[in-house]
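Here is the structure we will look at, set down as structure tokens.
Reminder, nothing fancy here: chain letters follow the sequence lines and each chain counts from 1.
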Amino acid sequence: MQLSKGAILEILNGATPNKPVFQIVSAKKMESASSAERYRILLSDSEHLYSHVMLTVQLNKLMTNNDITINSVVEVTKYMCNQVQGEKRILVLSDLNVLAKGNLKVGGRIGNPVQLNPAQLSAVAAGVPSSHSDQAAVKQTSTNQGGLNNNAFKANESRTTPSTPSRVHEIATLTPYQNRWRIRARVTMKSNIRNWSNSRGDGRLFNVNLLDSSGEIRLTGFNSEVDKYYSLLEVNKVYYISKCTLKTADKRYSTLNCDYEMTMTPETIIEPCNDDDVDLPMMTFDFVKISDLEKCKNGSSADVIGVVKVANDVGTVIGKQSQKEITKRDLQIVDQSGVAVKLTLWGDDAVNFNGQGYPVVAVKGAKVSDFGGRSLSVSGGSQMLINPDLKEAHILRGWFENEGRDQTFNMFQSDGSMGSGQSTNWKNFLQVKTENLGQGEKADYFTAKATIIFVRKENCMYQACPTADCNKKVVDQGNGLYRCEKCNREFPNYKWRMILSVNLADHTDNQWVTCFQESAESMLGIKADELGALRETDEVQFEKVINDAQFKQYVFRLRAKVETYNDENRLKTVCVGATPVDWKETGYRLIEQLSQMGI
DNA sequence: CCCCCCCC
């Protein structure tokens with residue numbers, strides 16, 4: 001009996017030969033956490049043996065009835081090749097005819113097949129499965145799909161729940177005009193629960209991304225559906241889903257390649273699919289080495305995996321537009337490329353993160369920013385996996401335990417917040433001008449070692465509202481009370497606030513810089529309240545403090561932004577921090593600069 | 001029905 005010699009390699013490389021004939025050299029029941037049994041096959045086409053072969057559960061009866069035995073010859077009428085997690089290609093057999101029962105003894109195995117060498121596989125587009133259905137079978141089973149449906153598995157759907165369509169639809173075929181459908185899909189992203197509040201009302205919501213072999217779609221649940229389905233839906237698991245409403249996706253917010261998106265309703269049915277999950281594509285990653293992040297554009301997304309070398313504590317920042325307090329946590333992740341990068345987590349991701357034991361984090365769709373060279377953020381649309389069961393994660397773990405743990409890394413991002421003490425984005429004042437810092441939409445931050453050459457003592461402090469977080473200037477009512485217009489209150493006291501104008505110089509140029517409270521206090525070496533009292537009581541001492549600050553050097557963290565004032569553009573530079581010069585680190589930086597000049 | 005995705 002002839003097998004379809006060479007057909008395994010053809011199929012793995014994307015071809016779809018019709019009704020190939022194979023020999024089942026062996027079969028074994030897989031140990032699986034899920035309840036369903038699955039059979040794994042060692043398949044031969046007389047030239048090659050291939051072991052990443054499965055039967056769909058619908059064909060299990062062929063095994064349990066002994067219709068297939070060792071060395072049976074079969075004609076496969078439906079099959080699909082899935083590329084999962086990088087290189088591995090799984091061939092799933094979903095329908096076949098047994099041509100000959102196996103013979104364990106004489107001439108059992110046909111030909112002299114050898115293990116297929118993975119190097120013979122061509123690079124098939126990741127995550128795009130090739131499928132094949134026997135044409136006759138498609139005709140028998142196609143219904144209202146207009147012949148577009150080429151999914152090898154659609155006809156095999158048998159386990160149904162009452163009142164739902166028995167067939168499984170493909171995500172790509174869903175439209176708002178047809179609501180009798182049911183999909184089977186894998187969750188590839190699950191957001192946190194988010195609260196919203198606007199003029200139309202308020203509530204809670206979450207979204208998941210759903211993937212099948214035809215495409216991907218976003219599904220959103222509100223309020224009662226959050227309670228009903230948030231914990232049921234888990235990343236990487238497969239569900240049967242029906243009775244959601246569809247609407248046109250707003251492309252401004254959608255990164256998925258889908259025209260529609262779905263919303264849960266009280267009628268929505270979501271059921272876990274515990275079996276048959278290998279014939280759906282897995283979450284696919286296209287990991288970018290950390291050192292290659294510099295090739296990624298600001299604002300783009302990238303899949304990244306790394307070991308968490310440093311996990312900072314949770315902190316809060318005030319959103320620039322929203323003015324709301326936001327929780328964040330900065331991590332520093334490293335990989336074999338020898339480069340470290342900052343990864344910022346927000347909200348619940350930040351609060352719940354446990355950095356003990358140098359976990360591996362994989363982020364699908366991390367947002368890339370050019371801050372400090374490059375930095376990363378896990379935001380909406382990103383999915384973070386901690387210690388995922390991925391080949392890349394295990395390799396990283398091994399590397400880290402053996403050598404990475406003690407290695408030193410080049411930093412993409414280090415402004416002191418990572419405890420490294422060194423800063424990036426060093427500029428001298430000439431570079432600030434020639435490189436047009438602060439000319440863009442957003443302010444530019446840079447670090448400069450400079451000398452204070454003049455401190456303007458006039459108007460360097462004012463009497464401010466004593467309320468915490470209100471720094472509004474108060475009006476002296478002359479009756480011992482001070483009025484804050486912002487708080488609409490009068491107080492018997494005030495606090496001193498500083499706005500200090502200083503002229504900074506390095507060997508290239510000078511720059512006027514505004515220093516507020518904390519940075520002014522640190523470069524004058526005195527608290528604002530003390531200085532305010534001095535100004536009232538001891539003019540000479542006050543001037544001495546100002547004069548003593550001159551001709552001292554600091555490392556300044558500066559924010560530059562061009563502002564228009566009286567139709568004139570000027571670079572407004574604000575000091576956001578002044579720290580003493582670390583001379584050892586300065587020396588290393590100079591050596592680095594010399595070596596870049598080839599000296 | 002959200003659509004913010006942040007900070008240095």
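At a cut-off of 3.5 angstrom, the base of B:dC6 holds no donor-acceptor pair with the side chain of A:Q323. Between the side chain of A:R204 and the base of B:dC2, no donor-acceptor pair under 3.5 Å is found. No donor-acceptor contact under 3.5 Å links the side chain of A:K324 to the base of B:dC4.
Taking only side-chain nitrogens and oxygens, A:K367 comes nearer than 4.0 Å to OP1 or OP2 of B:dC6. Using a 4.0 Å cut-off, some side-chain N or O of A:R200 falls inside it from OP1 or OP2 of B:dC2. Side-chain nitrogen and oxygen atoms of A:N207 include none within less than 4.0 Å of the OP1 or OP2 phosphate oxygen of B:dC2.
For the pair A:N428 (side chain) and A:Q431 (backbone), a donor-acceptor distance under 3.5 Å is present.
Listed nucleotides B:dC7, B:dC8, B:dC2 differ in distance to A:K328; the shortest reach to its side chain belongs to B:dC7. Among the nucleotides B:dC1, B:dC6, B:dC8, the one closest to any side-chain atom of A:S375 is B:dC8. With B:dC1, B:dC4, B:dC7 as the candidates, the nucleotide lying closest to the side chain of A:Y253 is B:dC4. Taking every side-chain heavy atom of A:N198 into account, B:dC2 is the closest of B:dC2, B:dC4, B:dC8. When each of B:dC6, B:dC2, B:dC7 is scored by its nearest atom to the side-chain atoms of A:I326, the top-ranked nucleotide is B:dC6. Here B:dC2 is the nucleotide among B:dC4, B:dC6, B:dC2 with the atom lying nearest to any side-chain atom of A:F222.
Under the side chain to side chain donor-acceptor pair (under 3.5 Å) rule, A:R204 has a single partner from A:D227, A:N223, A:N195, which is A:D227. A:F206 pairs with exactly one of A:F222, A:W196, A:Y229, A:Y230 by the ring pair (Phe, Tyr, Trp, His ring centres under 6.0 Å) rule, that one being A:Y230.
Among the protein residues, A:R329 comes within range of no part of the nucleic acid, since none of its heavy atoms lies under 4.0 Å from any strand. Base engagement by A:R194 is indicated by at least one non-hydrogen atom pair under 4.0 Å involving a base atom. The residue A:E325 sits apart from the nucleic acid: no heavy atom pair falls under 4.0 Å. Using a 4.0 Å heavy-atom criterion, one finds that A:T316 contacts no nucleic acid atom at all. As judged by a 4.0 angstrom heavy-atom cut-off over every strand, A:K251 is placed among residues making no nucleic acid contact.
As a whole-Å value, the separation of A:W196 CH2 from B:dC6 C1' is 21 Å. Computed from coordinates, the A:K320 NZ to B:dC8 P distance equals 6 Å when rounded to whole Å. Taking atom CG on A:L219 and atom P on B:dC2, their separation rounds to 16 Å, with Å as the unit. If you measure from atom CZ of A:R252 to atom C1' of B:dC5, you get 15 Å, rounded to the nearest angstrom. The nearest whole Å value for the distance from the NZ atom in A:K190 to the P atom in B:dC5 is 24 Å. As a whole-Å value, the separation of A:N312 CG from B:dC7 P is 18 Å. Rounded to a whole Å, the CG atom of A:L205 is 11 Å from the C1' atom of B:dC4. Remark: P of B:dC2 and CZ of A:R218 are 12 Å apart, rounded to the nearest angstrom.
A:N209 and A:T188 share no side-chain donor-acceptor pair at under 3.5 Å.
Considering only residues two or more places apart in sequence or on other chains, A:T573 meets the side chain to side chain donor-acceptor pair (under 3.5 Å) condition with A:Q511.
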Give the intermediate values and the outcome of salt bridge (charged side-chain N to carboxylate O under 4.0 Å, His left out) for residues A:K527 and A:E521. CA-CA 5 Å; A:K527 287 284 175 192; A:E521 286 177 335; 3.7 Å; yes
